[in-house]
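All heavy atoms count here, side chains included; hydrogens, waters and symmetry mates do not.
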Number of protein chains: 2
Amino acid sequence: MDHSENTLRDCIQAIFPMSASANAEIRRRVEFLPAARGEVFIKQEAANRYEYFLIEGVCRSFLIDPQGEEITISFFQGASVLSPHSVRTVRERSFYNFQACTDILLGRLDAANFMQLMIAHPEVRDFGNTVMRLELMRKVEREVGLAVLTARERLLKFREQFSMLENLVPHTQIASYLGISAISLSRLRSDIARE
Amino acid sequence: MDHSENTLRDCIQAIFPMSASANAEIRRRVEFLPAARGEVFIKQEAANRYEYFLIEGVCRSFLIDPQGEEITISFFQGASVLSPHSVRTVRERSFYNFQACTDILLGRLDAANFMQLMIAHPEVRDFGNTVMRLELMRKVEREVGLAVLTARERLLKFREQFSMLENLVPHTQIASYLGISAISLSRLRSDIARE
DNA sequence: GGCCTCCATTAACATTTGTAAAGAAGTGAA
DNA sequence: TTCACTTCTTTACAAATGTTAATGGAGGCC
């Protein structure tokens with residue numbers, strides 16, 4: 001078993017521990033593929049029929065607003081699972097863009113095939129539902145954060161959650177994730193550093 | 001079968017049509033109870049073990065920010081389903097307050113009991129997962145709306161989604177839902193009316 | 001009817017946040 | 001090394017949003 005497969009197992013076990021056989025069932029359906037830093041591996045409005053594991057690296061989801069600006073919705077760090085297909089797509093068209101922030105390694109599997117596996121295996125079903133519930137909790141947390149926290153507090157929280165990202169991805173991407181302009185982010189950074 | 005039960009069926013069928021027997025299984029576990037306008041029927045931080053249907057009326061979820069201000073998170077109009085228990089609670093403690101905006105009629109059922117029903121009945125399972133997926137889609141849409149729309153556009157969208165609420169609930173509640181102050185809401189309203 | 005409370009609106013002002021433009025610092029390639 | 005490019009920061013200014021306080025209307029209650 002090579003490194004990727006071990007890490008795939010980590011992605012899964014971190015969310016919902018499953019038996020070796022259930023792990024193997026998933027493993028058999030997963031195809032590994034790399035994406036280079038900057039590559040948009042899921043495109044907004046494009047058809048997409050896969051579920052994804054992020055084996056290694058950092059990526060983000062984003063969309064283009066009416067002014068043509070990129071808005072970062074989420075960041076993801078491996079080893080983890082990307083938002084489920086049902087969250088990313090409406091009528092089989094991708095809702096967001098997904099872009100590699102570093103060189104990454106993905107594991108992908110056919111969403112319909114995975115759905116069959118969920119139906120057949122209670123363990124896999126629990127895994128899938130847990131993924132969805134965790135994604136929902138993330139959204140709730142973000143919703144609350146945007147509602148009750150100041151931009152400054154959101155930045156501090158971002159630093160807790162994604163400690164290495166501030167020196168890794170362009171600040172314009174972080175700023176749009178925080179709901180502020182890159183200039184405001186710069187101001188906040190120097191304000192905080194001054195203390 | 002009285003009016004409440006018919007409307008309970010509407011709540012369910014609107015989300016995921018189920019057989020008469022599955023409907024009956026749910027019905028057997030549901031207890032109807034009214035709440036008066038203004039009543040907070042789920043309290044933040046309080047233990048809560050129920051799933052809820054909103055049979056009739058309007059309610060909202062909200063929380064108290066560090067400054068002691070109420071922040072509206074969502075509005076709900078019957079007949080519909082409130083956010084699932086797993087979304088409303090962390091470690092069995094309610095995450096949000098839920099308040100009746102009008103006199104309402106609720107249907108509630110024990111969350112653990114409903115979970116058992118989901119395990120036993122594939123239809124109920126699909127229903128439960130659909131509820132969760134729809135809730136997730138709502139969160140995504142709201143997340144995107146807060147990210148890419150101006151306050152003015154968010155107000156116009158709110159009017160589409162909740163056309164009767166603007167003259168029904170206090171504007172402070174609507175303003176916090178839109179992420180602006182009540183004064184800004186008033187300014188937007190007069191700006192739009194002036195056109 | 002008259003009083004009272006709640007709520008929406010408006011005005012004046014302060015603060016925050018965004019925009020545009022220019023400069024500085026770091027990165028990568030020829 | 002040097003040039004081009006990207007990105008972060010800074011400044012000055014404009015626009016949006018919030019705060020405080022005053023006004024006026026609607027509805028409930030005695």
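Atom CG of A:L178 and atom P of C:dG18 are 11 Å apart (whole Å). Remark: P of D:dT9 and CD1 of A:I192 are 12 Å apart, rounded to the nearest angstrom. Distance A:L149 CG to C:dT16 C1': 17 Å, rounded to the nearest Å. Rounded to whole Å, atom C1' of D:dG18 lies 14 Å from atom CD1 of B:I71. Between B:L168 atom CG and D:dA26 atom C1' the separation is 15 Å, expressed in whole Å. Rounded to an integer number of Å, the gap from CG of B:D191 to P of C:dA11 is 12 Å. The CG-P distance, from B:N167 to C:dA8, rounds to 10 Å in whole Å. Taking atom CG on A:L155 and atom P on D:dC8, their separation rounds to 13 Å, with Å as the unit.
Contact annotation: the side chain of A:P34 never approaches that of A:L106 to less than 4.5 Å [non-hydrogen atoms, C-beta and beyond]. Annotation: side chain of A:V81 is not in contact with side chain of A:L54 (no heavy-atom distance under 4.5 Å).
In this structure, B:R88 forms no cation-pi arrangement with B:Y50, as its terminal cationic atom is not both closer than 6.0 Å to the ring centre and no more than 45° off the ring axis.
Sequence order on DNA chain C of the closest nucleotides to B:V169 and B:R187 puts B:V169 first from the 5' end.
Nearest to the side chain of A:S190, among C:dA8, D:dT10, D:dT17, sits D:dT10. Of the candidates D:dT17, C:dC7, D:dT10, C:dC7 carries the atom nearest the B:P170 side chain, counting heavy atoms from C-beta on. Distances from the side chain of B:I183 to the nucleotides C:dA11, C:dA8, C:dG18 place C:dA11 closest.
Residues A:E56 and A:T7 have side chains that never bring a donor and an acceptor to within less than 3.5 angstrom of each other. B:T72 and B:R60 are linked by a side-chain donor-acceptor pair at a separation below 3.5 angstrom, with hydrogens and angles left out of the test.
A:S186 comes within contact range of at least one nucleobase, with a heavy-atom separation under 4.0 Å. Within the 4.0 angstrom heavy-atom criterion, no nucleotide atom of any strand lies near B:L185.
Side-chain N/O atoms of B:S181 include none lying less than 4.0 angstrom from OP1 or OP2 on D:dT17. OP1 or OP2 of C:dT9 sits under 4.0 Å from a side-chain N or O of B:H171.
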